[in-house]
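Working notes, structure below.
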Amino acid sequence: MRAIEIGLVCYPESQQAAVLGLTDLFMVGSRMAAKHGKQSATALRISHWRPHEPGAVPVRIFDSAPDCAAKMTALIAPPSLIAPIEASAATPWVSWLREQHANGVILTSVCAGAFLLGETGLLDRRTVTTHWAYAERFRDRFPQAKLDIDRLVIDDGDIVTAGGVMAWTDLGLRLVARFLGPTVMAETARLLLLDPPGREQRYYSAFSPRLTHGDAAVLKVQHWMQANNAKEVALPKLASRAGLEQRTLMRRFQKATGMTTTEYAQHLRVGKARELLQFGTASIDKIAWDVGYGDTGAFRKVFSRIVGLAPGDYRRRFRSEPA
C-alpha cells in the first residue's frame with residue numbers, strides 16, 4: 001500500500017476552521033478512493049502538528065490513522081484570521097519546515113500561511129500567491145519571491161500556494177487530485193458542493209492601490225484620478241496636477257505604485273465597472289461609456305485581461321439579485 005501523510009501546521013493564530021475543514025476534505029477523498037477500489041493502492045493519513053512547548057520541535061497532536069505507516073508527503077500552512085505571522089513567532093517552525101522540504105516534503109500554504117513559508121527562505125525566486133489584501137506587506141517582507149495575486153492556486157511542484165482565506169478548498173482539491181486522481185477529486189468536490197479547481201483570485205479581488213509610498217506628488221495624482229473615476233488621465237494634465245515634468249511623473253508614479261498611469265487608470269475604471277455590473281442593470285455598452293471608454297471593444301479587452309472574465313460572464317456570476 002502506498003501510504004501518504006498530509007500534515008497541517010497549527011502555528012499560532014492559524015485558522016482552525018481551515019485545519020478541520022481540510023481534515024474532513026481529505027477524509028472524504030480517502031473514502032471516495034476506497035469506493036473506487038483504490039484503497040489497496042493509496043491510503044491517506046492526516047496529522048496536525050504543534051510544539052508541546054514554545055521553541056520545541058513540532059509533534060503530532062492529531063493523527064487520523066496512527067496505525068498506518070505513512071510517509072510525510074505534504075505540509076500545509078493554513079490561513080490566519082488575525083494577521084500574518086511575525087518573523088519572531090515563525091522562528092520555531094523554520095528549521096523544521098526546511099528539514100521537511102529537504103527530505104522531499106511538498107510545502108503548501110493558504111492565504112497568510114505564505115508568510116510562514118516565506119520565513120524559511122524557500123519562496124525566494126519562486127512564483128507564489130497569498131491573499132490580495134496582503135500583497136504589499138508580503139512584497140516588503142519577501143522581496144525575492146515572485147508574487148502573483150491574480151492566481152488562486154500556484155502549483156510549483158514542491159511549493160504550492162493558495163490565495164484567499166477560503167482557498168483551502170481549492171488547495172485541498174488540488175492535493176486530492178495529485179495523490180488520489182482527478183476522478184476522486186471530482187467526486188469529492190461534488191459531494192462537498194465545491195467548485196473544482198479552476199477559479200482565479202482576480203475574479204474576487206478589489207483594486208488595492210499603494211497609498212503609503214511617501215511620494216506626496218504621486219499621491220496627489222492618485223487622489224485626483226480616484227475623485228474623477230480616472231476619466232481625465234492625459235499625462236500633461238496629471239503632470240500639471242503633480243507639479244512635475246511628464247517624464248519625472250512617469251518614473252516616480254511607477255516606482256511608487258508599481259504601475260504606469262495608464263495601467264492605474266485601467267484598474268480604477270474596471271473597479272467601477274465591476275460595481276456597475278454587479279449592482280446595476282445598465283447595458284455593457286453603457287457601462288463602458290460611463291467608466292470612460294468610448295470603444296466598447298477596448299473596454300471588454302481591458303476588463304477581461306484584468307478580471308479574467310468577460311463583462312457579461314462577470315455579471316452572470318456575481319450579480320446581486322434584488323431582495
Side-chain angles (χ1 to χ4, degrees), residues 1-27 30 42-126 128 130 134 137-138 141-142 144-145 155-162 165 167-168 171-172 174-176 178-179:
M1 179 183 294
R2 186 171 73 98
I4 292 172
E5 180 174 355
I6 302 176
L8 290 143
V9 178
C10 300
Y11 64 88
E13 308 298 344
S14 56
Q15 186 194 12
Q16 292 306 293
V19 171
L20 298 177
L22 280 164
T23 300
D24 290 343
L25 187 152
F26 292 135
M27 288 183 170
S30 293
T42 305
L44 283 186
R45 176 184 186 180
I46 303 96
S47 55
H48 302 173
W49 294 77
R50 179 185 296 148
H52 276 319
E53 57 186 38
V57 175
V59 296
R60 288 185 186 87
I61 58 171
F62 167 81
D63 194 336
S64 68
D67 297 328
C68 176
K71 177 179 175 58
M72 178 66 77
T73 305
L75 282 167
I76 302 173
S80 169
L81 290 181
I82 307 299
I85 190 169
E86 296 295 337
S88 56
T91 299
W93 296 92
V94 169
S95 295
W96 182 72
L97 288 170
R98 285 176 179 161
E99 179 183 353
Q100 296 297 320
H101 184 259
N103 290 334
V105 175
I106 301 164
L107 297 185
T108 76
S109 67
V110 182
C111 189
F115 285 76
L116 178 58
L117 298 193
E119 291 296 333
T120 68
L122 296 171
L123 301 190
D124 290 356
R125 297 176 296 281
R126 306 293 288 268
V128 299
T130 186
Y134 293 142
R137 196 183 312 188
F138 188 90
R141 279 179 63 174
F142 311 111
Q144 297 302 312
D155 188 339
D156 202 25
D158 59 326
I159 301 286
V160 186
T161 52
V165 177
W168 63 261
L171 175 67
R174 179 68 64 95
L175 294 179
V176 168
R178 178 183 288 200
F179 300 137

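You'll find the side chain of Ser14 reaches within 4.5 Å of the side chain of Gln16, heavy atoms only. Val128 has its side chain out of reach of Leu117: every pair of non-hydrogen atoms, C-beta onward, lies at least 4.5 Å apart. In this structure, the side chains of Pro51 and Trp93 come closer than 4.5 Å at one or more pairs of heavy atoms. Looking at heavy atoms from C-beta onward, Thr130 lies out of side-chain contact with Arg137 at the 4.5 angstrom threshold.
Every residue two or more places apart in sequence or in another chain that forms a side-chain contact (heavy atoms from CB on, under 4.5 Å) with Ser30 is listed here: Leu44. For Phe115, the ring-ring contact (aromatic ring centres under 6.0 Å, His included) test picks out Tyr134, Phe138, Phe142, with sequence neighbours left out. For the side-chain contact (heavy atoms from CB on, under 4.5 Å) test, residues two or more places apart in sequence or in another chain that qualify with Ala65 are Arg45, Cys68. Annotation: side chain to side chain donor-acceptor pair (under 3.5 Å) contacts of Asp156 (sequence neighbours excluded): Arg126. By the side chain to side chain donor-acceptor pair (under 3.5 Å) test, Trp96 is found to be paired with no residue, residues two or more places apart in sequence or in another chain being considered. Under the side-chain contact (heavy atoms from CB on, under 4.5 Å) criterion, Ile82 pairs with Glu13, Ser80, not counting sequence neighbours. Take Asp24 and apply the side-chain contact (heavy atoms from CB on, under 4.5 Å) test, not counting sequence neighbours, and it matches no residue.
What you find for Pro58 and Pro92 is that their closest heavy atoms are CD-O, 4.5 Å. Heavy atoms only, all atoms of each residue included: Val9 and Ala77 are closest at CB-CA, 4.3 Å. Counting all heavy atoms, side chain and backbone alike, Ala167 lies closest to Val110 at C-CG1, 4.0 Å.
With hydrogens and angles disregarded, no donor-acceptor distance shorter than 3.5 Å links the side chain of Ser109 to the backbone of Leu107.
Listed by first and then second residue, the salt bridge (charged side-chain N to carboxylate O under 4.0 Å, His left out) pairs involving residues 101-110 amount to none (not counting sequence neighbours). Within the structure, ring pair (Phe, Tyr, Trp, His ring centres under 6.0 Å) contacts touching residues 52-85 (residues at least two apart or in different chains) are His48-Phe62. For residues 110-121, the pairs satisfying salt bridge (charged side-chain N to carboxylate O under 4.0 Å, His left out) are Glu119-Arg141, with sequence neighbours left out.
For the atom pair Ile4 CD1 and Thr73 OG1, the distance stands at 5.0 Å (nearest 0.5 Å). Here the CG atom belonging to Leu175 is positioned 7.0 Å from the CD1 atom belonging to Ile106, to the nearest 0.5 angstrom. Remark: Ser47 OG to Leu8 CG distance equals 7.0 Å, nearest 0.5 Å. Considering CG of Leu22 and CD1 of Ile6, their distance stands at 9.0 Å, rounded to 0.5 Å. Remark: Trp168 CH2 to Leu20 CG distance equals 9.0 Å, nearest 0.5 Å.
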task = Check step by step if side-chain contact (heavy atoms from CB on, under 4.5 Å) holds for Val160 and Arg178.
result = CA-CA 12 Å; Val160 186; Arg178 178 183 288 200; 4.1 Å; yes
request  = For the pair Leu97 and Leu116, evaluate side-chain contact (heavy atoms from CB on, under 4.5 Å) and give the outcome as yes or no after the intermediate values.
outcome  = CA-CA 9 Å; Leu97 288 170; Leu116 178 58; 3.9 Å; yes
Review item, side-chain donor-acceptor pairs of residues 98-105, under 3.5 Å, at least two apart:
| residue | atom | partner | partner atom | Å |
| --- | --- | --- | --- | --- |
| Arg98 | NE | Thr120 | O | 2.7 |
| Arg98 | NH2 | Thr120 | O | 3.0 |
| His101 | NE2 | Asp158 | OD2 | 2.7 |
| Asn103 | ND2 | Glu99 | O | 3.3 |

